[in-house]
Amino acid sequence: MEGEFTNYCKQYYELLQQVDEKEHRLIDMIDNALPYTGQTDVADLDAILHCNRRILKMRDLTDDAIEAKQETEGIILKILEYFEIPTNTHLTCEVPGLYELRVWADEENTVHCYKIKDLAPLEEDENIITIPFTDKRNSWEDDEEFL
């Protein structure tokens, strides 16, 4: 069973990964954007507009992930403050069946979170049915609905 603080640490670690992926994707999209170089064909302008809209959508998704990360960081800082845990005190957080994390806050109230090691998956209980779930929001497929 995972506790409240463990869940916040897990969420923060996963958000750090998402922000990193989304920022790299956004930079890649900007670097490969179609430039306007005086084209006069409306079809060319439509392609540029489509490309720019995809970049704007990715920027919004990146901003949302950054905001969620900052909110979670604030909660972690409040928990550390509640327990009066000094800055730079490294805490170990085991997320059962996934990984072990090292979490701490520095003097500037920045939370650091690193995966130390992967853990063996939990044994499956024969009385529990597991339904695989794919979260399409985190995929990078070039899907019109997504971008």
Side-chain angles (χ1 to χ4, degrees), residues 1-37 45-147:
M1 181 177 143
E2 295 177 20
E4 182 178 353
F5 193 29
T6 299
N7 283 329
Y8 283 122
C9 292
K10 175 186 175 202
Q11 179 180 2
Y12 187 71
Y13 175 75
E14 291 172 355
L15 286 167
L16 284 171
Q17 303 305 309
Q18 286 180 23
V19 167
D20 189 51
E21 290 173 15
K22 289 180 188 310
E23 285 178 338
H24 281 92
R25 175 71 173 147
L26 179 61
I27 290 168
D28 185 51
M29 290 174 78
I30 291 170
D31 288 346
N32 294 306
L34 297 174
Y36 176 70
T37 57
L45 299 176
D46 284 339
I48 293 170
L49 286 171
H50 177 73
C51 180
N52 288 343
R53 297 245 187 268
R54 290 180 62 223
I55 290 171
L56 291 174
K57 177 72 173 175
M58 181 52 66
R59 187 189 68 197
D60 290 344
L61 293 171
T62 303
D63 290 345
D64 291 346
I66 290 169
E67 184 178 325
K69 179 190 74 91
Q70 291 170 339
E71 288 175 13
T72 305
E73 181 178 42
I75 293 169
I76 291 172
L77 289 169
K78 287 178 184 175
I79 292 171
L80 294 173
E81 181 182 330
Y82 175 80
F83 288 107
E84 298 178 357
I85 297 173
T87 58
N88 294 316
T89 300
H90 291 228
L91 305 174
T92 302
C93 174
E94 184 177 310
V95 181
L98 294 176
Y99 38 72
E100 188 173 309
L101 302 172
R102 179 78 29 98
V103 181
W104 74 95
D106 62 20
E107 299 83 8
E108 295 160 2
N109 283 334
T110 300
V111 174
H112 300 271
C113 184
Y114 296 98
K115 180 168 68 170
I116 309 171
K117 64 181 177 181
D118 290 313
L119 300 176
L122 297 175
E123 293 183 22
E124 293 187 24
D125 185 344
E126 61 187 41
N127 296 321
I128 297 176
I129 298 172
T130 305
I131 301 172
F133 177 72
T134 303
D135 187 1
K136 187 167 171 118
R137 294 176 296 166
N138 292 329
S139 82
W140 295 115
E141 294 176 11
D142 192 10
D143 186 352
E144 288 296 323
E145 291 179 7
F146 177 68
L147 296 175

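Side-chain atoms are counted along with the backbone in the values below, which use heavy atoms only and exclude waters and symmetry mates.
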**Q** With rounding to the nearest 0.5 angstrom, report the OG1 to CZ distance, Thr89 to Phe83.
**A**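 These two atoms lie 13.5 Å from each other.
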**Q** Measure the SG-CD distance between Cys113 and Glu14 for me, rounded to the nearest 0.5 Å.
**A**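 So the SG of Cys113 and the CD of Glu14 are separated by 9.5 Å.
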**Q** Within the 4.5 Å heavy-atom criterion, are Gln18 and Leu15 side-chain neighbours or not?
**A** yes
**Q** Indicate yes or no: at least one non-hydrogen side-chain atom of Leu34 is less than 4.5 angstrom from one of His50.
**A** no
**Q** So how far is it from Asp60 CG to Ile55 CD1, rounded to the nearest 0.5 Å?
**A** 12.0 Å
**Q** Is any side-chain heavy atom of Leu119 less than 4.5 Å from a side-chain heavy atom of Val95?
**A** no
**Q** Going by ring pair (Phe, Tyr, Trp, His ring centres under 6.0 Å), name the residues that satisfy it together with Tyr114, two or more places apart in sequence or in a different chain.
**A** Trp104
**Q** For the atom pair CG (Leu77) and CD (Gln70), what is the distance rounded to the nearest 0.5 Å?
**A** 11.5 Å
**Q** Should Tyr99 and Lys117 count as side-chain neighbours, where that means a heavy-atom distance under 4.5 Å?
**A**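 Sidechains of Lys117 and Tyr99: no contact.
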**Q** Identify the two heavy atoms, one from Thr6 and one from Glu94, that lie closest to each other, and give their separation to 0.1 Å.
**A**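 In this case the closest contact between Thr6 and Glu94 is CG2-O, 3.7 Å.
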**Q** Tell me the closest heavy-atom pair linking Ile48 and Pro35, and the distance in Å.
**A** CD1-O, 3.5 Å
**Q** Tell me the closest heavy-atom pair linking Ala105 and Leu80, and the distance in Å.
**A**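 It is CB-CD1, 3.7 Å.
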**Q** With rounding to the nearest 0.5 angstrom, report the CD1 to CZ distance, Ile30 to Arg25.
**A** 11.5 Å
**Q** Quick one: does Leu101's side chain get under 4.5 Å of Thr92's, heavy atoms only?
**A**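 No; the side chains remain at least 4.5 Å from each other.
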**Q** Say whether, by atom type as modelled, one donor and one acceptor occur between the side chain of Tyr12 and the main chain of Val111 under 3.5 angstrom.
**A**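 Such a contact is found between Tyr12 side chain and Val111 backbone.
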**Q** So, using ring pair (Phe, Tyr, Trp, His ring centres under 6.0 Å) as the criterion, who are the partners of Tyr8 when residues are at least two apart?
**A** none
**Q** Can you name the closest pair of heavy atoms from Cys93 and Cys9 and give their distance?
**A** SG-CB, 3.6 Å
**Q** To check you understand the geometry: which heavy-atom pair defines the closest contact between Met58 and Lys22, and what is its length?
**A**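 Looks like SD-O, 4.2 Å.
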**Q** For His112, I'd like to know if atom NE2 has over 12 heavy atoms of other residues, nucleotides or ligands within 6.0 Å.
**A** yes
**Q** On a heavy-atom basis, which atom in Arg102 and which in Ile116 lie closest, and how many Å separate them?
**A** NH2-CD1, 3.3 Å
**Q** Could you give the distance from CG (Asn52) to CE (Met29), rounded to the nearest 0.5 Å?
**A**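 If I round to the nearest 0.5 Å, the distance is 9.5 Å.
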**Q** Quick check: do Glu73 and Ile76 have side-chain heavy atoms less than 4.5 Å from each other?
**A** no
